[in-house]
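One structure below.
Basis for what follows: all heavy atoms, side chains included, without hydrogens, waters or symmetry-related copies. All figures in this text were calculated on a predicted structure; none of them were measured in a lab. All ligand and atom numbering here is 1-based and tracks the order in the structure.
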Amino acid sequence: MSDLIGRPAFPNLTELELPALESGINVADGHARYEPSVSQHKIIDRLPELFCQAAETPVSVLDREAQRAYLTAVGQHSALTGTEVLSCYSSSVAMEIFSLALMTCGVRKVALIHPTFDNIPDILTRAGMHLLPVAEDHLLDGTAGLPAGIEVLFVTTPNNPTGWILSRDALAHWARICASRGIILALDTSFRGFDERSCYDHFSVLAESGCRYVVIEDTGKLWPALDLKVGFLVFPPDEPLPLRRVYTEILLGVSPLVLLLVRCFAEDAGEGGFAELHQFIRSNRDLLRGRLAGAEIHSPDQASRISVERIAVPPGMSGTQVSSALRRRGVHVLPCGQFHWAEPEAGAQFVRVALSRPPGLLRAAADAILGCLRP
Ligand SMILES: Cc1ncc(COP(=O)(O)O)c(C=O)c1O
């Protein structure tokens, strides 16, 4: 939403995350800021050696190996042979390329999951798309109506901030509908590494349906790699959108060192690292819920396994009030209005707390939240 000269009416989530980088307790952004595991430390300790290895290896090999390691670790075996994959510096860069490709082809009408991380509607809107909100429940039970003229159905699964996931049956349902109506099915699966339930082979379901699809995979939320990450733009080789052309207008490729690191972290994830990460996030979620139990607060997303947790603030308060009061105490959480991009009031009751943090930091954040709610 913006005024007549394009000045936004309110800050976006990333703008709200920025002050948290300066000082205080940062449980605002969803980046991985936890202490590396023993095996992740071993990778980091090998950085000089990996630098030399990356310099000496053809980048096409590093690219292929990073893609193979990541897609295998998250169970996307059919993507290894039946798709084209473009490695980008982040999932937002992949999203930007996708949106520009849509714009180039005159696509304008996108049905988009609601709520979701606000840079997805923002990037699509800036590329000239008209967005129609689609509720999670209606995607799951198949009742979401896609009016005539919808050209893209875009689903974030697992969804940020709710942790909601699109089941295999629901994916198959929407893939069939998209195939029969010529709609492009687009998925952002940035958080799938946190939740085994979204590691079924999406690409076999998509290929079986014969629908057009574009999937944005992402390593960026998973490992404490100081934002050395990639977003993968994945689509069938015969997809007519000019994705490769737009990609090459923006990128030659991703740093060989980043590709090699992604391969190492992904292989580690496949060999037990994901199990360790899931346990770590579960334990942090339990810690937060336990600490806040008894206060007039609840967690609306009981089934969520992703690395962020929404909490509903008590009646009579708003997420914006609570996050502002916390900020004055040096504690940064996100209010949730902006996730509800079509209806910000629907998110007014919630704040979001990042869980991919050292437990001590999370404990301090929980205590500050409690303190802020006491009269
Ligand atoms: C679902 C989702 N997709 C994409 C992004 C953008 O990620 P990045 O900043 O690494 O490009 C985010 C950021 O939080 C996200 O939550």
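- Protein residues lining ligand 1, listed by chain and number: Ser90, Ser91, Ser92, Phe117, Thr156, Asn160, Asp188, Ser190, Phe191, Lys221, Lys229 [non-hydrogen atoms, distance under 4.0 Å].
- For His278, the ring pair (Phe, Tyr, Trp, His ring centres under 6.0 Å) partners at least two apart in sequence or on another chain are Phe274.
- Asn159 and Thr116 are linked by a side-chain donor-acceptor pair at a separation below 3.5 angstrom, with hydrogens and angles left out of the test.
- At a threshold of 4.0 Å, the pair Arg244-Glu239 does not count as salt-bridged, since none of the basic side-chain nitrogens sits closer than that to a carboxylate oxygen.
- Considering only residues two or more places apart in sequence or on other chains, Arg329 meets the side-chain hydrogen bond (donor to acceptor under 3.5 Å, both in side chains) condition with none of them.
- Counting Ile, Leu, Val, Met, Phe, Trp and Tyr side chains that sit under 4.5 Å apart, directly or through other members, Leu16 shares a hydrophobic cluster with Leu13, Phe117, Leu334, Phe339.
- Between Glu217 and Arg192 there is a salt bridge, since a side-chain N of the basic residue sits under 4.0 Å from a carboxylate O of the acidic one.
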